[in-house]
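Report on the structure given below.
In listed order, ligands and their atoms are each counted from 1.
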Amino acid sequence: MSPEDQESVSTIRSEGIGIVRGVLTGDDLAATRLDFDRAHQDLEKGPGQPGVRDRLTGSHLLEYPAIADLYSHPRIMDIVCEMLTDSIPWVWQIITNRYSPEHPGVGKHSDGFKGELSSPFSRQSMAVFLDDIDEESGSLTYVPGSHLRHFISRDDPERQAPTQTDIEKGEYITTKLKAGDVVFRVPEVWHAVRPIHHLRRYVTASYVARERLSAVMTERLGRELKTRLAIPLDQVPERLQPYWVW
Ligand SMILES: O=C(O)CCC(=O)C(=O)O
């Protein structure tokens with residue numbers, strides 16, 4: 001791993017969010033946008049309605065090569081594997097997100113499981129942005145270090161999972177991104193999205209460390225594996241297969 005990516009891993013661990021710039025450029029970015037828009041047309045989301053967040057998830061996304069490639073992109077996976085200390089983590093969710101303007105954004109929250117502390121760094125998400133975002137439109141905001149409060153800690157055996165009231169009180173900072181940048185987010189970090197005034201699209205996935213499943217994650221795993229039984233493995237790109245199977 002390059003020193004730059006190693007530094008990103010340190011930032012993600014301490015802050016809960018890290019941004020790797022310019023992972024997708026030129027023709028690759030154009031091809032991903034084309035596949036993204038095609039998937040939304042084919043899967044009956046149409047061109048987008050003002051104020052609506054469209055979300056596609058599941059194996060039909062694997063039919064769009066430029067999107068499918070991102071779920072096992074070597075540089076992205078190196079960072080995910082390092083974060084999870086797992087050489088072949090399990091890919092839990094593959095998703096696309098599209099917000100059509102004018103959209104109010106997303107309120108302050110954590111993607112930690114309600115009422116449950118997690119094993120440190122047992123889940124990791126990545127999001128490849130296809131549009132620029134900044135303070136004026138769609139900035140992802142977050143509270144650096146807040147993910148740590150959701151982790152089981154030997155030093156603090158009485159720790160309770162933060163409440164929504166705690167999450168509302170955090171000091172949120174903004175992010176600025178260019179299309180092609182990748183956001184690595186520890187799901188537990190407190191985050192929100194500023195109001196959106198231009199199209200905001202990204203391809204995202206979440207990955208899980210196989211050896212450190214929480215009670216909630218174990219239940220979700222069982223549900224997802226039942227769905228995957230119906231999908232022949234040869235429909236899954238070869239590079240993704242090790243992450244796809246349990
Ligand atoms: O759209 C984003 O950047 C983040 C959305 C969000 O908050 C979430 O999916 O939990």
Side-chain angles (χ1 to χ4, degrees), residues 11-12 15-21 23-24 32-33 36 39-40 45 48-58 61 67 70-71 76 80 83 91-116 118 122-144 146-147 149-150 161-164 166-168 170-208 214 216-217 220 224:
T11 305
I12 305 162
E15 309 287 288
I17 283 196
I19 300 167
V20 178
R21 309 276 172 190
V23 174
L24 218 56
T32 309
R33 284 176 171 152
F36 189 102
H40 281 73
K45 297 289 187 189
Q49 301 264 356
V52 173
R53 176 184 184 179
D54 290 306
R55 186 174 184 273
L56 297 174
T57 183
L61 288 173
I67 294 176
L70 295 177
Y71 299 129
I76 294 174
V80 169
M83 282 304 303
V91 60
W92 173 29
Q93 294 167 310
I94 56 171
I95 303 172
T96 62
N97 262 294
R98 177 182 68 186
Y99 299 76
S100 300
E102 295 291 314
H103 189 287
V106 180
K108 297 171 178 172
H109 68 285
S110 159
D111 293 341
F113 297 133
K114 282 252 164 347
E116 185 189 74
S118 353
S122 51
R123 291 191 290 140
Q124 179 63 45
S125 84
M126 69 82 176
V128 183
F129 274 75
L130 306 184
D131 300 290
D132 301 353
I133 64 170
D134 58 25
E135 291 86 344
E136 304 306 315
S137 176
S139 181
L140 175 68
T141 68
Y142 68 104
V143 180
S146 51
H147 57 303
R149 295 183 52 184
H150 291 257
T163 63
Q164 187 59 32
D166 298 324
I167 292 170
E168 296 286 341
E171 298 237 339
Y172 286 72
I173 63 171
T174 55
T175 53
K176 193 171 173 167
L177 298 178
K178 289 273 175 221
D181 293 351
V182 180
V183 175
F184 291 87
R185 178 159 57 77
V186 177
E188 289 86 353
V189 78
W190 304 351
H191 60 285
V193 178
R194 288 254 180 109
I196 296 163
H197 307 301
H198 61 72
L199 188 61
R200 188 177 188 277
R201 295 169 292 183
Y202 59 92
V203 175
T204 181
S206 67
Y207 304 85
V208 175
S214 71
V216 175
M217 195 58 233
R220 308 258 167 117
E224 179 59 26

Self-check item: Candidate list R220, E116, R123, test side chain to side chain donor-acceptor pair (under 3.5 Å), partner S214, passing option
Solution: E116
Quiz prompt | Part of R53 within contact of ligand 1 (heavy atoms, under 4.0 Å) | solution = side chain
Exercise. Any chance you could measure Q49, atom CD, to H103, atom NE2, to the nearest 0.5 Å?
Key: 12.0 Å
Quiz item: Heavy atoms only: which of R200, H109, R194 is nearest to atom 8 (C) of ligand 1?
Solution: H109
Exercise. Answer yes or no: are there more than 12 heavy-atom neighbours, outside E102 itself, under 6.0 Å from its atom CD?
Key: yes
Quiz item: Nearest to atom 2 (C) of ligand 1, what protein heavy atom do you find, and at what distance?
Solution: Y202 OH, 3.0 Å
Self-check item: NZ/NE/NH1/NH2 to OD/OE distance under 4.0 Å, D134 and K176
Solution: no
Exercise. Determine, stepwise, if the pair R200 / D131 fulfils salt bridge (Lys or Arg N to Asp or Glu O under 4.0 Å).
Key: CA-CA 6 Å; R200 188 177 188 277; D131 300 290; over 6 Å; no
Quiz item: Measuring from the heavy atoms of D111, does anything fall under 4.0 Å of ligand 1?
Solution: yes
Quiz item: L140 heavy atoms, cut-off 4.0 Å: which ligand 1 atoms fall inside?
Solution: 3 (O)
Quiz item: Short list, please: which atoms of ligand 1 are under 4.0 Å from a heavy atom of Y99?
Solution: 1 (O), 2 (C), 5 (C)
Quiz item: Knowing that exactly one of V143, T141, D111, T175 qualifies, which makes a side-chain contact (heavy atoms from CB on, under 4.5 Å) with H191?
Solution: D111
Self-check item: Enumerated ligand 1 atoms positioned under 4.0 Å from heavy atoms of V193
Solution: 1 (O), 2 (C), 3 (O), 4 (C)
